[in-house]
Amino acid sequence: MGGKKIENTMSRLSSILVVFLLCVAFVYAVKFVDVNTICKKAKNHSFCSALLNSNPSKSRDLVSLALYTIHVGHINATNALNLSDTLVAKSSHDLEAYTYYSVCSNDFKEIVNILKVAQVDLKSKNYKYLSIHVENIRTHVSNCIDAKYPIAYPDPSLLPKYAAIVDQDAQIFSIIANYLGQA
């Protein structure tokens with residue numbers, strides 16, 4: 001009878017040990033990174049640090065940071081899209097402004113869509129596509145703000161500032177995507 005109790009106790013301890021080892025293996029499988037490690041590669045370290053440290057989950061694994069950066073980028077791109085749409089509506093009497101803001105509106109629509117796809121790819125662990133998404137986002141920002149075609153327009157609105165924020169979000173996402181691609 002005593003041997004049966006010892007056997008049951010050993011069996012339970014073995015089960016607990018297996019669960020513990022699986023948990024430890026999972027923790028080490030998720031790649032954690034220091035925010036400063038990411039932000040020291042960003043052009044604007046303080047913007048990067050503020051963004052990543054504002055993550056309400058306080059999680060520091062690469063996937064969580066990437067998801068949060070996509071989320072914030074989506075909000076910022078949507079704000080830029082809304083502003084550009086408002087500027088399109090207000091500039092219908094000025095063909096030059098109308099054309100410029102229409103181009104920007106289309107670019108920000110594309111950015112919003114790219115961020116949706118990037119989120120799906122991230123959740124599906126298709127990390128190899130993330131850098132392509134970032135490149136496309138930055139191209140669309142550049143198309144809007146640095147555009148010489150169809151016109152070079154001296155934009156007095158806040159749109160260039162909004163676009164610069166979207167570009168900084170994309171740069172941070174790019175850094176995280178590079179780390180995920182190495183994992």
Side-chain angles (χ1 to χ4, degrees), residues 31-88 97 100-123 126-149 151-183:
K31 190 168 183 180
F32 289 87
V33 67
D34 180 40
V35 166
N36 288 327
T37 302
I38 293 170
C39 292
K40 73 181 178 187
K41 294 183 177 190
K43 286 182 184 175
N44 187 337
H45 177 81
S46 60
F47 179 90
C48 177
S49 183
L51 173 72
L52 296 181
N53 285 317
S54 69
N55 183 353
S57 75
K58 302 297 180 204
S59 182
R60 296 297 181 248
D61 66 279
L62 288 171
V63 172
S64 294
L65 290 174
L67 282 170
Y68 182 67
T69 304
I70 290 171
H71 173 73
V72 171
H74 188 271
I75 291 169
N76 290 332
T78 300
N79 290 338
L81 172 60
N82 292 338
L83 177 58
S84 63
D85 285 347
T86 299
L87 294 167
V88 165
Y100 172 77
Y101 292 128
S102 294
V103 168
C104 288
S105 177
N106 289 330
D107 283 319
F108 286 111
K109 282 178 192 162
E110 285 299 316
I111 291 170
V112 168
N113 289 331
I114 290 166
L115 287 165
K116 289 176 185 175
V117 173
Q119 186 174 31
V120 170
D121 283 340
L122 183 63
K123 287 181 179 180
N126 291 328
Y127 302 141
K128 63 184 176 183
Y129 299 116
L130 298 180
S131 60
I132 295 168
H133 297 314
V134 171
E135 186 177 319
N136 289 334
I137 290 168
R138 297 190 86 190
T139 297
H140 282 290
V141 169
S142 179
N143 283 347
C144 173
I145 300 308
D146 302 328
K148 305 296 182 231
Y149 177 83
I151 55 168
Y153 181 73
D155 188 355
S157 76
L158 290 175
L159 189 58
K161 185 178 254 183
Y162 280 40
I165 291 170
V166 172
D167 192 55
Q168 287 183 67
D169 293 338
Q171 182 193 34
I172 296 163
F173 181 49
S174 175
I175 295 165
I176 296 169
N178 286 335
Y179 278 111
L180 282 167
Q182 298 169 6

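Values in this document were obtained by computation on a predicted structure and should not be read as measured data. Atoms considered below: every heavy atom in the structure, side chains included; atoms not considered: hydrogens, waters and symmetry mates.
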Audit row: Tyr179, Thr37, side-chain contact (heavy atoms from CB on, under 4.5 Å) steps and yes/no: CA-CA 10 Å; Tyr179 278 111; Thr37 302; 3.2 Å; yes

Worked check of side-chain contact (heavy atoms from CB on, under 4.5 Å) between Asn106 and His140: CA-CA 9 Å; Asn106 289 330; His140 282 290; over 6 Å; no

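Taking CG of Leu115 as the start and CD of Gln119 as the end, the distance is 9.0 Å to the nearest 0.5 Å. Annotation: the span from Phe173 atom CZ to Leu51 atom CG amounts to 12.0 Å, rounded to 0.5 Å. One finds the CD1 atom of Ile137 at 11.0 Å from the CG atom of Asn113 (value rounded to the nearest 0.5 Å). Summarising the geometry, atom CG belonging to Leu159 is positioned 5.0 Å from atom CG belonging to Leu83; distances are rounded to the nearest 0.5 Å. Between atom CD1 of residue Ile38 and atom OG of residue Ser174 there is a gap of 11.5 Å, rounded to the nearest 0.5 Å. Atom CG of Asn143 sits about 4.5 Å away from atom CG of Asp107, to the nearest 0.5 Å.
Here the shortest heavy-atom pairing between Leu130 and Ala177 reads CB-CB, 3.6 Å. Listed here is the closest heavy atom pair of Ser64 and Ser59: OG-OG, 3.3 Å. Closest non-hydrogen pair, Ser105 versus Leu81, comes out as O-CD1, 3.4 Å. Here the closest heavy-atom approach between residue Val134 and residue Ala170 is recorded as CG1-O, 3.4 Å. Heavy-atom minimum distance, Gly73 versus Asp169: CA-OD2, 3.5 Å. Residue Ala77 comes nearest to Ile111 through the heavy atom pair CB-CG2, 3.6 Å, listed as atom of the first residue, atom of the second, then distance.
Just one residue in the list Leu122, Asn55, Ile176 forms a side chain to side chain contact (heavy atoms under 4.5 Å, CB included) with Leu67, and that residue is Leu122.
With sequence neighbours excluded, the residues satisfying side-chain contact (heavy atoms from CB on, under 4.5 Å) with Asn53 are Val35, Ser49, Arg60. For Asp167, the salt bridge (charged side-chain N to carboxylate O under 4.0 Å, His left out) test picks out Arg138, with sequence neighbours left out. Not counting sequence neighbours, the partners of Ala163 by the side-chain contact (heavy atoms from CB on, under 4.5 Å) test are Phe108, Val141, Ile145.
Between the side chain of Tyr68 and the backbone N or O of Pro56, no donor-acceptor pair lies under 3.5 Å.
Side chains of Lys43 and Gln168 form no contact here, defined as non-hydrogen atoms less than 4.5 Å apart.
Residue His71 places its NE2 atom among 12 or fewer non-hydrogen atoms of other residues, nucleotides or ligands, all under 6.0 Å distant. Atom CZ of Phe47 has more than 12 heavy atoms from other residues, nucleotides or ligands within 6.0 Å.
When only modelled atom types and interatomic distance are considered, Tyr101 and Thr86 share no side-chain donor-acceptor pair under 3.5 Å.
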